[in-house]
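Note sheet for the following structure.
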2 protein chains.
Amino acid sequence: MGSLTEENYIKSIYALSQSTGEVYVSELAKKLDVKLPSVNSMMKRLAIKKLVAYAPYKGIKLTEKGKKEALAIIRKHRLAELFLVKVMGLGWEEVHDIAEQLEHVNSPRFYERIDELLNSPKFDPHGEPIPDSNGKIHTQQRTSLIDLAEGLTATITAVTEDEKSFLDHLNAKGLQIGDAVTIMKREMFDGSITLQHKSKKEILLTHQVAERIWVEL
Amino acid sequence: MGSLTEENYIKSIYALSQSTGEVYVSELAKKLDVKLPSVNSMMKRLAIKKLVAYAPYKGIKLTEKGKKEALAIIRKHRLAELFLVKVMGLGWEEVHDIAEQLEHVNSPRFYERIDELLNSPKFDPHGEPIPDSNGKIHTQQRTSLIDLAEGLTATITAVTEDEKSFLDHLNAKGLQIGDAVTIMKREMFDGSITLQHKSKKEILLTHQVAERIWVEL
DNA sequence: ATAAAATGTTAGATGCCTCTAATATTTTAA
DNA sequence: TTAAAATATTAGAGGCATCTAACATTTTAT
């Protein structure tokens with residue numbers, strides 16, 4: 001178990017390297033809100049610990065050991081989020097910041113118990129998959145709401161959780177995980193989308209919002 | 001909000017100064033398992049922050065500000081312990097170490113919710129009082145099992161929680177908070193005590209164990 | 001192909017928290 | 001009452017995590 005700071009670096013590297021498999025120093029610095037040299041010196045330390053593969057002027061990659069640690073933290077984060085919603089009755093928009101802290105709690109027993117109480121759940125309240133205790137992740141094939149043709153109906157399965165304000169926005173629009181929506185109109189001009197929702201109301205989403213909503217047909 | 005380390009110092013100073021109102025550097029060093037100079041330099045920092053009153057070669061005292069912070073941490077610790085037992089179904093002997101971590105979670109909402117779910121509880125699973133959100137503590141007049149005369153019957157209200165092994169010991173003997181016990185015999189020779197318990201069984205406790213059990217007549 | 005822009009690294013400093021070794025003060029006991 | 005023991009402090013160093021300023025490399029665009 002590394003320090004809290006170390007865990008946050010590992011987690012961010014994992015998140016940012018999802019698509020390309022690597023991260024740039026500047027991306028990481030931006031994400032963690034530190035300056036470039038801070039990232040640089042942390043990379044040296046993590047490389048010594050064999051958590052990242054790092055060569056000067058090259059992208060940063062997690063080693064297998066680093067990935068394993070990242071997935072363990074993500075598992076704890078997502079279990080915590082679901083626990084906060086299901087057991088403690090908090091709103092999905094307010095659990096992220098608390099889970100950011102709970103994910104660093106070192107207690108197998110605590111998380112084993114949460115897992116039991118929630119019946120080994122597969123997805124967190126934002127629809128993100130929860131890795132199992134071996135770090136195995138049940139990936140879903142994802143389609144963004146933005147890629148759906150007019151007339152199609154789909155079910156919201158997940159949202160990309162970046163900031164509380166985004167979830168507040170969805171709450172205000174009345175959208176939740178599991179809701180069925182039909183694409184009424186796609187505006188070419190600004191990329192916005194009009195949906196028909198179970199509430200019978202028409203909902204307008206900007207491109208920026210729609211691209212962060214994942215659906216299944 | 002100070003650092004985790006700072007919070008642990010404050011909490012330990014509070015605990016150790018309960019009786020006399022002050023702590024010695026060496027006591028604190030022992031409790032926190034650090035060397036004397038570490039305590040010394042931390043005291044200087046805490047004094048600058050007005051959390052402790054500290055003069056060289058004199059005992060350490062918490063300021064009002066320091067006490068308030070200590071009580072806030074203790075409140076979180078004890079709420080967490082009760083939550084772990086009542087809501088999560090963990091044993092009273094295994095919650096201390098988890099609560100040591102949860103007490104540092106910074107989220108008024110999280111603790112407000114725990115307090116609600118537990119119905120603003122007054123005591124933790126070990127019988128220790130939970131300070132209210134203003135730091136006010138509902139102190140009980142306490143009698144130790146060791147001070148009870150033969151023939152008297154009393155109810156266990158609290159135990160002094162120092163180590164898991166002590167609670168394991170009580171579990172093995174079948175003793176719990178709320179149990180009624182009658183003093184059958186007090187041995188002058190070694191200070192041990194024989195109890196009659198609701199289970200009808202006779203239980204022998206050594207002086208060392210009995211003095212850490214608090215009762216009400 | 002080279003100059004400018006973007007990105008990354010090194011050097012050196014700071015604060016936090018810890019340590020060991022050396023020194024100082026207070027307490028205790030002869 | 002003074003020497004020894006116990007307790008506390010200072011000096012100086014090291015690791016972690018951060019920063020600014022200066023320098024190096026890579027990418028890009030003319």
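Every chain is numbered from 1 and lettered A, B, ... according to where its sequence line falls, protein lines coming before strand lines. Keep in mind that the numbers below use all heavy atoms, side chains included, and drop hydrogens, waters and symmetry copies.
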TODO: Using atom NZ of A:K49 as one end and atom C1' of D:dG15 as the other, report the distance to the nearest whole Å.
DONE: 10 Å

- [ ] Please tell me which of the listed nucleotides, D:dA17, C:dT18, C:dT10, lies nearest to the side chain of A:T5?
- [x] D:dA17

Task: Salt-bridge contact B:K49-B:E6 (side-chain N to carboxylate O under 4.0 Å) - done: yes

- [ ] State plainly whether the residues A:E94 and B:R113 are in salt-bridge range, i.e. N to O under 4.0 Å.
- [x] no

Open item on the list: Using heavy-atom distances to pick each residue's nearest nucleotide on DNA chain D, tell me which of A:K58 and B:K58 is more 5'.
Closed with: B:K58

Open item on the list: So if I take every side-chain heavy atom of B:M42 and compare against D:dT18, D:dT25, C:dC17, which nucleotide ends up nearest?
Closed with: C:dC17

Task: Atom-to-atom span, OH of A:Y57 to P of C:dA6 - whole angstrom - done: 17 Å

Task: First of A:P56 and A:Y9 reached from the 5' end of DNA chain D, by closest nucleotide - done: A:Y9

Task: side chain to side chain contact (heavy atoms under 4.5 Å, CB included) partner of A:I213, the single match among A:V181, A:T160, A:L145 - done: A:L145

Open item on the list: Taking the cut-offs as 6.0 angstrom to the six-membered ring centre and 45 degrees off its axis, would you call A:R75 and A:Y111 a cation-pi pair?
Closed with: no

TODO: Check whether any side-chain nitrogen or oxygen of A:R45 sits under 4.0 Å from OP1 or OP2 of D:dA17, and answer yes or no.
DONE: yes

Open item on the list: Please report the distance, rounded to the nearest Å, between CG in B:L46 and P in C:dC17.
Closed with: 9 Å

Task: Over-ring placement of B:R78 relative to B:F123, 6.0 Å and 45° cut-offs - done: no

Task: Presence of salt bridge, A:E27 and A:K30, under 4.0 angstrom - done: no

Task: Nearest-angstrom distance from the residue atom OH of B:Y54 to P of D:dA8 - done: 9 Å

Open item on the list: Does anything in residues 18-40 of chain B come within less than 4.0 Å of DNA chain C? Heavy atoms only, and list the residues if so.
Closed with: B:V34, B:K35, B:P37, B:S38

TODO: Using a 4.0 Å heavy-atom cut-off across all strands, classify B:S41 as base, sugar-phosphate, or nothing.
DONE: base

- [ ] Give one of base, sugar-phosphate or nothing for B:K44, where a contact means two heavy atoms less than 4.0 Å apart.
- [x] sugar-phosphate

Open item on the list: Can you confirm if the aromatic rings of A:H126 and A:H96 lie within a centre distance of less than 6.0 Å?
Closed with: no

